[in-house]
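Below is one structure, written out as structure tokens; the observations come after it.
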Amino acid sequence: MRVAVIGAGLGGLLTASLLSESGYTVDVYEKLNFYGGRFTSFEYRGFQISTGALHMIPHGKRGPLGKLLKSVGSDVEIIDSKPEGEILLNDRIEVRSSAFPLKSKFKFFKWLLKYRVLRIDPYMDAYEKELDDVSAGFLRSFLGWSLSISPSQIKFSKLLAIYNRVVECGGPGIPVGGCKAVVDDLVEIIKSNGGSIRLRNPVIRLITNGNTIKKLESQKDVAEYDLFISNLGHKLTGRLAGREYFEHNGCESKGVKYSISISKPFIGNTGVLFPLNCSRISGMNEVTNADPSLAPKGKHLLMAHQPLFTDNIRKEIEEGLKELRTLLRGFDYEIIAVQSFHDDWPVNRIMSGLDRGYKTPFKNLFVVGDGAKGDDIEVDGIALGVAKLLKEKFSEKVPVRVP
Amino acid sequence: MGAKINTKRIIKITDRCVGCAVCMLVCPFDGVDVLGSAEINERCNACMKCLMYCPNSAIEVKEG
Ligand SMILES: Cc1cc2nc3c(=O)[nH]c(=O)nc-3n(C[C@H](O)[C@H](O)[C@H](O)COP(=O)(O)OP(=O)(O)OC[C@H]3O[C@@H](n4cnc5c(N)ncnc54)[C@H](O)[C@@H]3O)c2cc1C
Ligand code: SF4
Ligand code: SF4
């Protein structure tokens, strides 16, 4: 069976590597001069600056991505964060149950009961008002950091699904070598199984016959395949196939990422720091505490993430920088890159909870990646979507619980 | 020197730019600054490397 994968992002490469391990012949088409999409990095002034992701895997080695990587034979080392997270208010408090007042925990169980029994499922801004300041602040920061959304953009049931995944799989981890180490490994696996990665060769059109895709036309040639996997999200995939079966406008999540060179560690551990006093910066990590090679000797790579809720990006960046100046007062640091993400290069192509799965109107065309995630965070959601596709359509055994 | 003055006219950032800074990361000449969107600076050598890396096809070569 010949499989064409359109797009060499994490979703495409993960699917391609798993299928190539199972004996499929896989060709991956990529528009750009590099693979990995928003999950790789380039060396810039000695730092590994990523094209998107903050060099973090939401559930470390115990999550869907960690497990699939292991099953496909990747030996990327993932260092699980310890502590998983800390809240920065006046002091630092480790994120664990005891950090939140009993009153708010009772609220959570009340909502859970209302959902289970009466199916009451509002957006979280309705519930946020009932929480104490620390719990409400953490809810905002956590959603901003992990999904680039605000409480008004997620329903209780979706938050519950994510909470359950965190309880099941644990908190984040940092891959040694950063995101690039992960995609490098996947590419090596694909190639060693006889697959190919065709850089600078965008797919222009999918040639159809009724509800079947017959051929793929790329910038360089036309080729026939049995199966087609698209890493481009449903909107762009539909356009390639000449049938716009899914239009979503303005439901991607947007953000800004700051990469900071700092002489002495600011966080000092491998976890996420949630600065609750900030209204723009939702979270920070310092990946060099897990892998010093991500920065030049004597420097640390500190990163901060800011979800974007307005279109005035310049103004938002100014506000974000102001908050960073306050946070980093007294430290010797330099902001080396400010990157923004929206439109076709967003934080998430589809906001969490709005994903529509891998199916398309075509029987041999499937979508993977962050436009077709499972109910989990970021790249672990991508891996869960890939696991679901492999289990349901390819009858593959996957080491991941697929809900 | 002449080449440098010319390049400012050659490489153009269009409004498809989202400010992801991939061009800045790959530019061998430190020829682009990014803050919300990319701006070509006087160090650009018009090598055209960034064109092949921009995820949004936002970099073009100016006509003429
Ligand atoms: C600022 C930021 C921070 C983030 N932080 C994290 C984090 O810490 N942890 C985490 O888990 N996730 C994080 N994410 C999310 C994560 O980076 C993305 O969800 C993930 O990389 C998306 O992968 P993908 O495979 O779906 O898409 P992409 O990476 O976008 O891949 C799609 C690929 O398809 C190619 N392509 C497009 N059109 C064509 C065509 N016509 N023909 C051929 N190829 C084509 C593109 O060039 C691209 O390479 C972050 C994202 C951002 C932006
Ligand atoms: S790579 Fe393209 S989209 Fe990104 S900042 Fe540069 S010009 Fe803009
Ligand atoms: S054309 Fe070359 S020198 Fe100019 S900004 Fe692009 S990569 Fe840099």
Side-chain angles (χ1 to χ4, degrees), chain A residues 7-9 30-53 180 199-202 219 232 236 252 254-259 306 308 310-321 335-347 349, chain B:
Chain A
E30 169 55 50
K31 172 176 87 168
L32 302 173
N33 210 17
F34 65 95
Y35 56 75
R38 284 166 283 156
F39 202 77
T40 185
S41 60
F42 292 103
E43 188 180 323
Y44 179 70
R45 295 173 52 187
F47 294 84
Q48 285 298 329
I49 305 297
S50 75
T51 49
K180 187 171 186 300
L199 297 181
R200 290 196 71 197
N201 193 8
Q219 203 168 64
L232 313 189
L236 295 176
E252 94 264 9
K254 313 174 222 180
V256 177
K257 182 181 75 192
Y258 304 87
S259 297
Q306 173 182 355
L308 276 177
T310 75
D311 287 328
N312 194 343
I313 294 170
R314 269 308 249 274
K315 170 98 176 48
E316 285 299 311
I317 291 176
E318 267 168 39
E319 296 298 325
L321 287 171
I335 302 211
I336 49 176
V338 179
Q339 296 165 275
S340 47
F341 301 86
H342 53 97
D343 294 330
D344 279 339
W345 202 248
V347 179
R349 221 167 251 138
Chain B
M1 285 305 282
K4 278 196 181 165
I5 294 162
N6 265 337
T7 56
K8 267 195 116 176
R9 296 203 191 104
I10 293 172
I11 303 296
K12 185 176 116 183
I13 309 284
T14 69
D15 59 8
R16 283 192 296 277
C17 173
V18 305
C20 71
V22 169
C23 52
M24 178 186 92
L25 303 182
V26 301
C27 174
F29 300 100
D30 194 17
V32 46
D33 304 309
V34 182
L35 205 69
S37 58
E39 270 171 45
I40 300 290
N41 63 38
E42 71 289 348
R43 290 181 294 275
C44 169
N45 255 302
C47 73
M48 309 219 294
K49 182 173 179 187
C50 54
L51 269 73
M52 296 180 281
Y53 286 81
C54 172
N56 300 297
S57 313
I59 311 175
E60 287 176 358
V61 183
K62 254 196 228 179
E63 309 284 331

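Everything quoted here is computed from the prediction, not taken from an experiment. Here is the naming used below: chain letters follow the sequence lines, and residue numbers restart at 1 for every chain.
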For Ile336(A), which atoms come within 4.5 Å of any heavy atom of chain B: side chain, backbone, both, or neither?
backbone
Could you look at Cys27(B) and say if it's the side chain, the backbone, both or neither that has a heavy atom under 4.5 Å from chain A?
neither
Non-hydrogen atoms of Phe39(A) and Ala53(A) that approach each other most closely:
CD1-CB, 3.4 Å
Which portion of Val26(B) sits near chain A, non-hydrogen atoms under 4.5 angstrom:
side chain
Checking Ser50(A) against chain B: side chain, backbone, both or neither under 4.5 Å from a heavy atom?
backbone
Shorter than 4.5 Å, heavy atoms on both sides: which option in Val338(A), Leu199(A), Val256(A) has the most such pairs with chain B?
Val338(A)
Could you tell me whether Met48(B) atom CE has more than 12 heavy atoms of other residues or ligands within 6.0 Å of it?
no
Ile317(A) versus chain B, heavy atoms under 4.5 Å apart: side chain, backbone, both or neither?
side chain
What is the ring orientation for Phe42(A) with Tyr53(B), classed by angle as parallel under 30°, tilted 30 to 60°, or perpendicular over 60°?
perpendicular
Between Asp33(B) and chain A, with a heavy-atom cut-off of 4.5 Å, which part of the residue counts as in contact: side chain, backbone, both or neither?
neither
I would like to know whether Arg38(A) and Val347(A) meet side chain to side chain contact (heavy atoms under 4.5 Å, CB included); could you show each step before the answer?
CA-CA 8 Å; Arg38(A) 284 166 283 156; Val347(A) 179; over 6 Å; no
Do you see a donor-acceptor pair shorter than 3.5 Å between the side chains of Ser57(B) and Lys31(A)?
no
Take Lys180(A) and Glu43(A) through the test salt bridge (Lys or Arg N to Asp or Glu O under 4.0 Å) and record every step on the way to the result.
CA-CA 10 Å; Lys180(A) 187 171 186 300; Glu43(A) 188 180 323; over 6 Å; no
Chain B heavy atoms under 4.5 Å from Glu316(A): which part of the residue, side chain, backbone, both or neither?
neither
